[in-house]
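Throughout, protein chains are lettered first and strands after them, A, B, ... in sequence-line order, and every chain is numbered starting at 1. Heavy-atom basis, side chains included; hydrogens, waters and symmetry copies ignored.
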Amino acid sequence: MERVPILKVGDVLLISIQTDLEDRTALALQEDLAEQIVRTGARGVVIDITAVEIVDSFIGRMFATIAAMSRLLDARTVVVGMRPAVAITLVELGLSLGGVHTALNLEKGMRLLAAPDPGGPPGTMSGR
Amino acid sequence: MSDVHEVRVGSSDDIVGIRKMVRTIAGDIRMSLVDQTKLVTAASELARNIVVHGGGGTVRIERLTGPTGRTGVRMIFSDEGPGISDVDLALTDGWSSGQGLGLGLPGSRRLVDEFELDTAVGRGTRITVTKWTR
């Protein structure tokens, strides 16, 4: 099974997804990440999905799980680089990714994490 | 070149291969990028349903040419699992018999042009979806 590398950049952990993720790889990533957040004391997590061609409900749920888990471990998560076709498809699928911060690209995502935490997770008022 | 592919789906590891195959076929018939993405996402959801709820099954992918010359892709997802006892409920957003988000069936129905669900309790489920190029 492939494992997704987790890079440390300052106090941010950067995950760049470059392959079509198998379910097992996605589950392993969640566990690896939780361990790394605690080990490094990272305050932020950036998931770069620039290369990702599809996000189905399984992968979408992984983003939400990672965001919730990171929050419990005192780190914020931003998903960056979503392709337009992926965004259109996710909305039609019914997955709004409430609770997950997004930014258009890596640079904007890093800037978002550098800014002071505005408080609670996004989209918590609108249900899931 | 064969226009029909039939693949066995036994575990979640097979889903990546199905996504790749659907992507290739949709690209061959010059489906738009957005429609390709929708079709591949629907394939992923329905293939996962076979694994999670049907105990494995098969996916048949066909390239179609309609009477007016338009092209499309038809996918048939079959399993011999427990079947669906309440189809209306299964097609409702957010309802799930398992641990999922309950978006698989209603979500994939929105992503394709035609959606047909055939199921019998104790005998299995067959879902046929079609998407046409625009």
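Two residues are said to be in side-chain contact when any heavy atoms from C-beta on lie closer than 4.5 Å; Met82(A) and Leu90(A) meet this criterion. In this structure, Met110(A) and Val46(A) have side chains that are in contact, with non-hydrogen atoms separated by less than 4.5 Å. Using a 4.5 Å heavy-atom threshold, the side chains of Leu105(B) and Ile84(B) count as touching.
Arg48(B) touches chain A through its side chain: at least one heavy atom from C-beta onward sits under 4.5 Å away, while N, CA, C and O do not. Looking at Ser108(B), the atoms closer than 4.5 Å to chain A (heavy atoms on both sides) all sit in the backbone: N, CA, C or O. Heavy atoms of Ile15(B) lying under 4.5 Å from chain A belong exclusively to its side chain. Residue Arg109(B) does not touch chain A at all, counting heavy-atom pairs closer than 4.5 Å. For a residue to count as touching a neighbouring chain, one of its non-hydrogen atoms must lie under 4.5 Å from one of that chain's; by this rule Leu21(A) touches chain B with the backbone only.
Across Ile88(A), Thr25(A), Ile54(A), the residue that shares the most heavy-atom pairs under 4.5 angstrom with chain B is Ile54(A).
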Do Arg134(B) and Asp35(B) pass the salt bridge (charged side-chain N to carboxylate O under 4.0 Å, His left out) test, and can you show the C-alpha distance, the side-chain angles, and the key distance before you say yes or no? CA-CA 9 Å; Arg134(B) 265 169 254 284; Asp35(B) 282 344; 3.1 Å; yes
Arg74(B) vs Thr130(B), side-chain hydrogen bond (donor to acceptor under 3.5 Å, both in side chains): CA-CA, chis, key distance, verdict: CA-CA 4 Å; Arg74(B) 174 167 294 150; Thr130(B) 307; 3.1 Å; yes
